[in-house]
K.L.:
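Next up is a structure, given as structure tokens.
Convention: sequence-line order gives letters A, B, ...; per-chain numbering from 1.
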Amino acid sequence: LAFLTLIDINRRVLLTFFFWQLLSRKIAKMWYRVNVPSVAYEIFDDETALLNLERGSYYSLNSSASEIWRLMITGVSDNDLPIAVGQRFGIQPPFKEVAEFVQGLVTQRLIILDATTAERGEFPAPSLREPWSKPTIVVYDDMRDLLAMDPPLPPVPSEGV
Amino acid sequence: MGVASNCNDFTGVSKSFNQAIANASGVVRQGQIGDREVRVTFAGQLLAATVMPSFAQFCPGPAAIARETVGSIEIWDCVETGIPRPPINDTPGWQLSGNGWTVSAFDAGRLLCEERAASLLWLDRRRAKIIGCFENASTLSCADRARPLQRMMGEFSRSLQVQEIHAAMIGYKGVALLLVGGGGRGKTTTALDSLHEGLDFFGDDSIGLSKAGSGEFLGHCLYASARVLPKQLARWPHFASQWQFPEPPELKALFQPADSHPQQLGLSARICAIAIPFVATGHAAATRIAAHNAFRALFQESRDNRRFGVTTAEFALLANLTKTLPCYHLEVDESPTRVAAVCRELLLRHHHDTANQLHRSDP
């Protein structure tokens, strides 16, 4: 009896998990949004430079990180991101590496998760020239003194004010 | 140019300048930063003689001065004019201090004031107008002679729609090579090598950047001066009699090429390539590199605390610059002749590149 009860519990857990997955994909889907106007970014061929004026920091993303960044900012949801990354690279990258990178972007307030942002930007053609490598974000805090000054000054008031 | 600010301290410094110019003879010049006319007025002959060579891009003469101006720079010498530095009584809305300097903002950010022991400089950002004084022109440091406007130049340039960047620039036959990178990379060495060997010189440390309607990037001379370590001076025998050595001693000697090389001083030119110099031995050469290397050198390595931050638009402009133009690593060896020859070759190679083909013009 105890054995049958255990199986039943396991079934219930599995069923609950299964339905939760279904629900989360339909209801709790989130999209990524660049934290503008505090954050500016520029995508080069195999590197992305980011600027966070809020924190006074400059960031550099390597090739794989840049590719994930492209996917994130062009409308791939959080649920779909691992699959999209896999399709881009032709392999399934370690989920942990992708998750840690995305978490780093969120922690640095470079990107914001937003349930209402479902608009797709222009989806760029794959720029892959490099094979998959662990996505990294290099933080340059040594510009903090310089960048923290911006925006130190309000815009110059227009004439007639 | 808009209504005057109602800040009492700024009104006071304006009155002080008027008194100073009445007390001592002034020197007036006019020229362009970007495509904006700027007039420079110095009250005090010694101050003008000391500082004006660094503004060599500005021309004397009534013809130039007759043109309508957009910006102005008015500075007096306290000792020669007998007009002391006016005090600051208003409460700033924002303030930042560093080693020997304080910058304050007044009137909702419209006015900036930089206070240093040697100078007081006010900037009206809306009117692109600098007014200020130097305590004593006879004791000005080489750093002040080389870049008299210090932290105000960046904001002043912004008021004229020009972005000041930490770079050197040289030219040949009307096009320019931008030299970027952190301190000690060899920007000054390359720029002076090129000047020594007959190329044009646009500046050693500060260059104005703007983008023309045609999509071309333009570099502008902001200061016609260069400062180098004494151990390097023997590299340029033609400049031997031109160095100014500071008293009391400073780290670097000053060179203002306005008197010795006036025909090689450039005002503005289309930038056709970017180079990141680095010191090498026995070999001068240029190697093509990816845009992000030049961007990082320009944006991250070349940061300069004499400027105030960067806007997202400026960030985008620098990225656009490096994505559009061909970028190189430039090996700088012991021979000014070889270094200048490589620079000349780069300038000739990209001389006819248009804005749309620049990034494809070289393998």
K.L.:
How are the rings of B:Phe295 and A:Phe44 set to each other: parallel, tilted or perpendicular (split at 30° and 60°)?
P.N.:
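Correct class here is tilted.
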K.L.:
At what distance, to the nearest 0.5 angstrom, does CG of A:Leu51 lie from CZ of B:Phe299?
P.N.:
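Those atoms lie 4.5 Å apart.
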K.L.:
Check whether A:Ser38 gets within reach of chain B through its side chain, its backbone, both or neither, counting any heavy atom under 4.5 Å.
P.N.:
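No part of A:Ser38 comes within 4.5 Å of chain B.
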K.L.:
Should the heavy atoms of other residues, nucleotides or ligands under 6.0 Å from CZ of B:Phe278 be counted, would the total exceed 12?
P.N.:
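Count over threshold, so yes.
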K.L.:
For residues B:Ala319 and A:Glu42, report the shortest heavy-atom separation together with the two atoms involved.
P.N.:
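The answer is CB-CG, 3.1 Å.
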K.L.:
Measure the spacing between CG of A:Asp45 and NE2 of B:His292 and express it to the nearest 0.5 Å.
P.N.:
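The NE2 atom of B:His292 is 7.5 Å from CG of A:Asp45, to the nearest 0.5 Å.
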K.L.:
So, for A:Pro37 and B:Thr312, which heavy atoms are closest and what is the spacing to 0.1 Å?
P.N.:
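Closest heavy-atom pair between A:Pro37 and B:Thr312: O-CG2, 4.0 Å.
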K.L.:
For the atom pair NZ (B:Lys323) and CD1 (A:Ile43), what is the distance rounded to the nearest 0.5 Å?
P.N.:
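B:Lys323 NZ to A:Ile43 CD1: 7.0 Å, rounded to 0.5 Å.
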K.L.:
Counting only non-hydrogen atoms closer than 4.5 Å, does B:Ala291 touch chain A with its backbone (N, CA, C, O), its side chain (CB onward), both, or neither?
P.N.:
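Both backbone and side chain.
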